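So the structure is just underneath, and the comments pick up after that.
The structure presented is a predicted model; accordingly, all values stated were derived computationally and were not measured.
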Amino acid sequence: MDLSECCENNHKNVFLDSAVPDVCKEEPCVLGVDEAGRGPVLGPMVYGICFCPLSKHDDLKAAGVADSKTLTEEQREKIFGIIHEHNEYIGWSLEVISPLYISNCMYKRPKVSLNEVSHNSAIGLINRAIAAGVNVSEVYVDTVGPPEKYQAKLQEVFPTIKVTVEKKADALFPCVSGASICAKVARDRALKKWEFPEGIKIDNWGSGYPGDAVTKNFLINSLDQVFGFPGIVRFSWSTAEKIIEEKCIPVTWNEDEDEEEKEKTPSVLQFFAKKTKSSDDSPAAPPPKKRNHFFTDRCLKSVESF
């Protein structure tokens, strides 16, 4: 698993893929989907898929795959090594979703929820496997949100594939357990090799979960009163937002114009109106040009430097 691109560009989403075994292109395959790092305020969320021929699905369980949350880091690394050793019939693919991307999605207009980010990643990874030639016959997914709605959504996207979405799928289906382990191993390794472009040097930030005292201490100590947190932090988490509100320098954004004025559409006649002259016969100044909504929505103003 080469994480060099992820470490060098940890503000971007990165895909990691194994080779696709020939048998997975020839025989009908089962494919599992799961994630790691959905809840933490720090680091990326990693979505993963693991696939193998239907005839080899039970062999995954024999290899020791299980829900990654029930395993120690050492056990996960060992099982991932076994998965890698059996690359003649097992394949996997991952999307490392950066904290910056997660925050940007949740602050968009309209907002893109974490559930939607998760759904899009799962759909993208399944399509990625199909595009690589995997003969996907059955898909098993650990649910995000109500399983019935999620399954109906996936079934509509993939009508020719049998889709099963269930709670705790990582404990029920070996292919989902495999995806869970691959995702968790990638996230753990990415955090260990995390490089701070901000220039700070901190080795211990705890578990990354909001309730961890070490993590909270890291958030407070790494905070810049103007620019906020380093890029490893998900700004959109309520824990981070509260610290920013309490500790950062307050900023007030003044609108250039009232909301009512922004909604008004100028009449086309004003562009053809006859120009009038002022009392001193000098040409009247043209009416101010309406600013593009990109600038007004973000409360941006023109500045000059001398």
Side-chain angles (χ1 to χ4, degrees), residues 1 3-14 16 34-48 66-80 94-107 113-115 117-118 121 142 144 168 170-171 180-250:
M1 185 185 295
L3 289 168
S4 57
E5 184 181 358
C6 181
C7 295
E8 293 169 4
N9 301 292
N10 54 32
H11 61 289
K12 296 182 179 180
N13 295 359
V14 175
L16 304 171
D34 200 7
E35 52 75 26
R38 178 180 170 83
V41 66
L42 301 181
M45 176 172 70
V46 181
Y47 250 81
D67 177 7
S68 65
K69 293 185 286 294
T70 66
L71 303 172
T72 64
E73 182 177 355
E74 183 179 356
Q75 289 172 323
R76 290 193 295 267
E77 286 285 349
K78 181 179 179 181
I79 295 172
F80 179 76
L94 304 169
E95 183 180 13
V96 183
I97 305 172
S98 77
L100 177 62
Y101 179 83
I102 293 171
S103 294
N104 285 346
C105 284
M106 296 181 74
Y107 283 138
S113 69
L114 190 63
N115 279 7
V117 171
S118 300
S121 182
D142 194 28
V144 174
K168 306 295 183 183
D170 46 2
S180 175
I181 289 170
C182 292
K184 182 61 175 171
V185 167
R187 175 176 154 82
D188 287 346
R189 291 184 182 183
L191 284 173
K192 282 184 178 179
K193 297 182 179 180
W194 190 272
E195 296 180 7
F196 289 91
E198 300 85 3
I200 64 174
K201 294 188 180 297
I202 299 177
D203 297 324
N204 184 16
W205 46 71
S207 66
Y209 283 88
D212 187 332
V214 178
T215 298
K216 284 185 178 180
N217 190 53
F218 165 79
L219 291 172
I220 293 172
N221 291 335
S222 65
L223 182 70
D224 183 284
Q225 287 188 305
V226 175
F227 299 105
F229 298 107
I232 195 173
V233 180
R234 302 178 190 178
F235 280 60
S236 53
W237 258 233
S238 59
T239 304
E241 289 180 330
K242 185 176 180 181
I243 294 174
I244 288 177
E245 184 178 344
E246 294 176 351
K247 304 290 185 181
C248 283
I249 297 172

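- Using a 4.5 Å heavy-atom cutoff, the side chains of His11 and Pro197 are not in contact.
- Using bins of under 30°, 30° to 60° and over 60° for the plane-to-plane angle, the ring pair Phe235/Phe229 lands in the perpendicular bin.
- Side chain of Glu77 to backbone of Val185: no donor-acceptor contact under 3.5 angstrom is found.
- Considering only heavy atoms from C-beta on, Asn115 comes within 4.5 Å of Arg38 through its side chain.
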Practice item. Any chance you could lay out the side-chain contact (heavy atoms from CB on, under 4.5 Å) test for Ile181 and Asp34, step after step, and finish with the verdict? Key: CA-CA 9 Å; Ile181 289 170; Asp34 200 7; over 6 Å; no

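- Here the CE atom belonging to Met106 is positioned 5.0 Å from the CH2 atom belonging to Trp237, to the nearest 0.5 angstrom.
- Minimum heavy-atom separation, Asp142 to Lys168: OD1-N, 3.2 Å.
- A heavy-atom distance below 4.5 Å is not found between the side chains of Val46 and Ile97.
- Note that CD1 of Ile249 and CZ of Phe227 are 10.0 Å apart. Values are rounded to the nearest 0.5 Å.
- Counting all heavy atoms, side chain and backbone alike, Ala183 lies closest to Gly48 at CB-N, 4.2 Å.
- Glu35 places none of its side-chain heavy atoms less than 4.5 Å from the side chain of Ser118.
- Atom CD1 of Ile243 is separated from atom CD1 of Ile220 by 5.0 Å, given to the nearest 0.5 angstrom.
- The residues Asp188 and Lys184 are annotated as salt-bridged, a charged nitrogen and a carboxylate oxygen being separated by less than 4.0 angstrom.
- In terms of modelled atom types and a separation under 3.5 Å, the side chain of Asp212 and the main chain of Ser207 share a donor-acceptor contact.
- Going from atom OG of Ser98 over to atom CD1 of Ile232 covers 11.5 Å, rounded to the nearest 0.5 Å.
- The structure places CZ of Phe196 at 7.5 Å from OG of Ser222, a figure rounded to the nearest 0.5 Å.
- Here the straight-line distance linking atom NZ of Lys242 with atom NZ of Lys216 works out to 7.5 Å at 0.5 Å rounding.
- For Glu198, there are no salt bridge (charged side-chain N to carboxylate O under 4.0 Å, His left out) partners two or more places apart in sequence or in a different chain.
- Across Pro40 and Pro210, no two heavy atoms sit closer than the pair CA-CD, 4.5 Å.
- Checking side-chain atoms of Arg234 against main-chain N and O of Leu100 turns up no donor-acceptor pair under 3.5 Å.
- Contact record, Glu73 with Lys192: OE2-NZ, 2.6 Å, taken as the closest heavy-atom pair.
- Contact record, Pro44 with Trp194: CD-CZ3, 3.9 Å, taken as the closest heavy-atom pair.
- Remark: side-chain polar atoms of Asn10 are paired, donor with acceptor, to backbone N or O of Glu195 under 3.5 angstrom.
- When all heavy atoms of Pro230 and Phe218 are compared, the closest pair comes out as CG-CZ, 4.3 Å.
- Looking only at distances, no side-chain donor or acceptor of Ser121 sits under 3.5 Å from a matching main-chain atom of Val117.
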